[in-house]
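Encoded as structure tokens, the structure appears first; notes follow it.
Counting convention: from 1, in listed order, for ligands and their atoms alike.
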Amino acid sequence: MASSTLAASQAAAAVAPIDSVVPVPVSVQAVPNVTYNLTSSTQIRAAEAATGVADLLAATLRRSTGFALPVSQSTGDGISLQLSGADPRVGQQGYQIDVTATGVVIKANTAAGLFAGTQTLRQLLPAKVEASSVQSGPWPVPGARIADHPRFAYRGAMLDVARHFFTPDLVKRYIDEVALYKINHLHLHLSDDQGWRIMIDSWPRLATYGGSTQVGGGPGGYYTKAQYSDIVAYAAARHITVVPEIDMPGHTNAALASYAELNCNNTAPPPYTGTNVGFSSLCVPKDVTYRFVDDVIRELAALTPGPYIHIGGDEARSTSDADYRAFIDKVLPIVAKYGKQPIGWHEMAKANPPATSTPQFWGTTTSNAPVTAAANRGSKVLMSPANKAYLDMKYNSSTPLGLTWAGYIEVRTAYDWNPGAYLSGVGEAAVRGVEAPLWTETVKTRQDIEYMAFPRLPAIAELGWSPWSKHSWDAFRQRLGAQGPRWQVMGVNYYRSTQVPWV
Ligand code: TNX
């Protein structure tokens, strides 16, 4: 081993589990010479409202430890999940952990907070705890007092299931992978030129015909309503809110191909399997367009327990400016009518949307007048600058997958920016959170998804969760390096960036 590599791995190996939690907690105090050991007699005790969180934790720990780990509402030592007595400062999503010689106590004000606490606990345990078969112990948890809560309420991951279709099982695996880093929103890009991926009963050809292909001409696919609801429930159990996106008025070739009447010339174009953008548009002057939008939003809202529906709105290069504004003006009230709040790619801000709408910034500059104006009117902005947060950009010139239009994004580039002070005139208080989008023109398999997301997704997750005062590239790269063994055990195909001292 070259001496510099050896030095790097020794440095990394020295990072104790308590110092390697990602995202870094608000406050971590080690309690020296104290360890709690998980054993065959450990019990999991949980308040009734936390039974779901306890069951998920038990399932993870049982697989690798082989212990029974019974879940009950009793009190006593072992692992205890409590919904009373938490410091009010941990808020609606935070938690406290106390690890003593007799047990691990996690307290929070909500089940979401307890779930976040259990994700920290997983990271305090040895990496082999993630194994899917029984491993030999010991299973030490280091003595600690942790108090933690997020910087931003919204920490998102987006998966483009339109350019390439991904099965419900693959989406669930991604949910599991991002939950470990306290991501709490999964944005599904459900429609684009190349495919429509959700059954809409009142317009069934959207899915059956519009969903029948993908980039490169593969078979595509779509989610039935039952499958989609199952994904939503799986995410909800992990305290992740699904944000469905139907992209309009552009990025609509799959819909236009499915129904001729949606086209201004009443002629359906053929399905599209290339990777160009900006060539399609719904027909803005036609009434049928808004019957279509109303039906789609109504059916989608009924499948959506979360507060948001994403209406896309990006790259509408085949729609005139006037038509674009007219379209957004008509669509936003439809979203409100079905009880949802709109999110849209930042072009939506040109239409002066109301303060209830969230523009999602995806530019590569640090100023955007319409977005700043929207923030000044009271909108909260979701930050996804393409040259920092886009998981589909190549890491460097030798990355086999990905695009380059927003530049190369190495791990440090993904980490070293401040979402609360990035866009001029859009300060911390005007930011709803951060999101890491994964567009899939070049991404076809689970391994591809993981290679592009890991390790950049945890970088974006830390920007969304941890306070800026804790931001440190040098400390982050050490913590990230310590995640490597965990990903190996989980079978996550991650990019071994040379910027990170992998353990
Ligand atoms: C731009 S970002 C797009 C997507 C592409 C992506 C590829 C945005 C809102 N639109 O349609 O997939 O670039 O990086």
message: Would Trp487 and Phe454 count as a ring-ring contact (aromatic ring centres under 6.0 Å, His included) here? Give the steps.
response: CA-CA 9 Å; Trp487 297 338; Phe454 290 87; 5.2 Å; yes
message: Under the criterion side chain to side chain contact (heavy atoms under 4.5 Å, CB included), I'd like the reasoning laid out for His189 against Asp247: C-alpha separation, chi angles, the key distance, then a yes or no.
response: CA-CA 8 Å; His189 184 75; Asp247 202 346; 3.4 Å; yes
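Shown here are the side chain to side chain donor-acceptor pair (under 3.5 Å) partners of Glu410, two or more places apart in sequence or in another chain: Tyr495, Ser497. For Asp193, there are no salt bridge (charged side-chain N to carboxylate O under 4.0 Å, His left out) partners two or more places apart in sequence or in a different chain. With sequence neighbours excluded, the residues satisfying salt bridge (charged side-chain N to carboxylate O under 4.0 Å, His left out) with Lys337 are Asp294.
Side-chain contact between Val381 and Val371: present, with at least one pair of heavy atoms (C-beta onward) separated by less than 4.5 Å.
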Ligand 1: protein N/O within less than 3.5 Å of ligand N/O:
from, atom 1, to, atom 2, distance (Å)
ligand 1, 10 (N), Asp314, OD2, 2.8
ligand 1, 10 (N), Glu315, OE1, 3.2
ligand 1, 11 (O), Arg163, NH2, 2.9
ligand 1, 11 (O), Glu315, OE1, 3.2
ligand 1, 12 (O), Arg163, NH1, 2.7
ligand 1, 12 (O), Glu441, OE1, 3.4
ligand 1, 12 (O), Glu441, OE2, 2.6
ligand 1, 14 (O), Asp392, OD2, 2.6
ligand 1, 14 (O), Trp405, NE1, 2.7

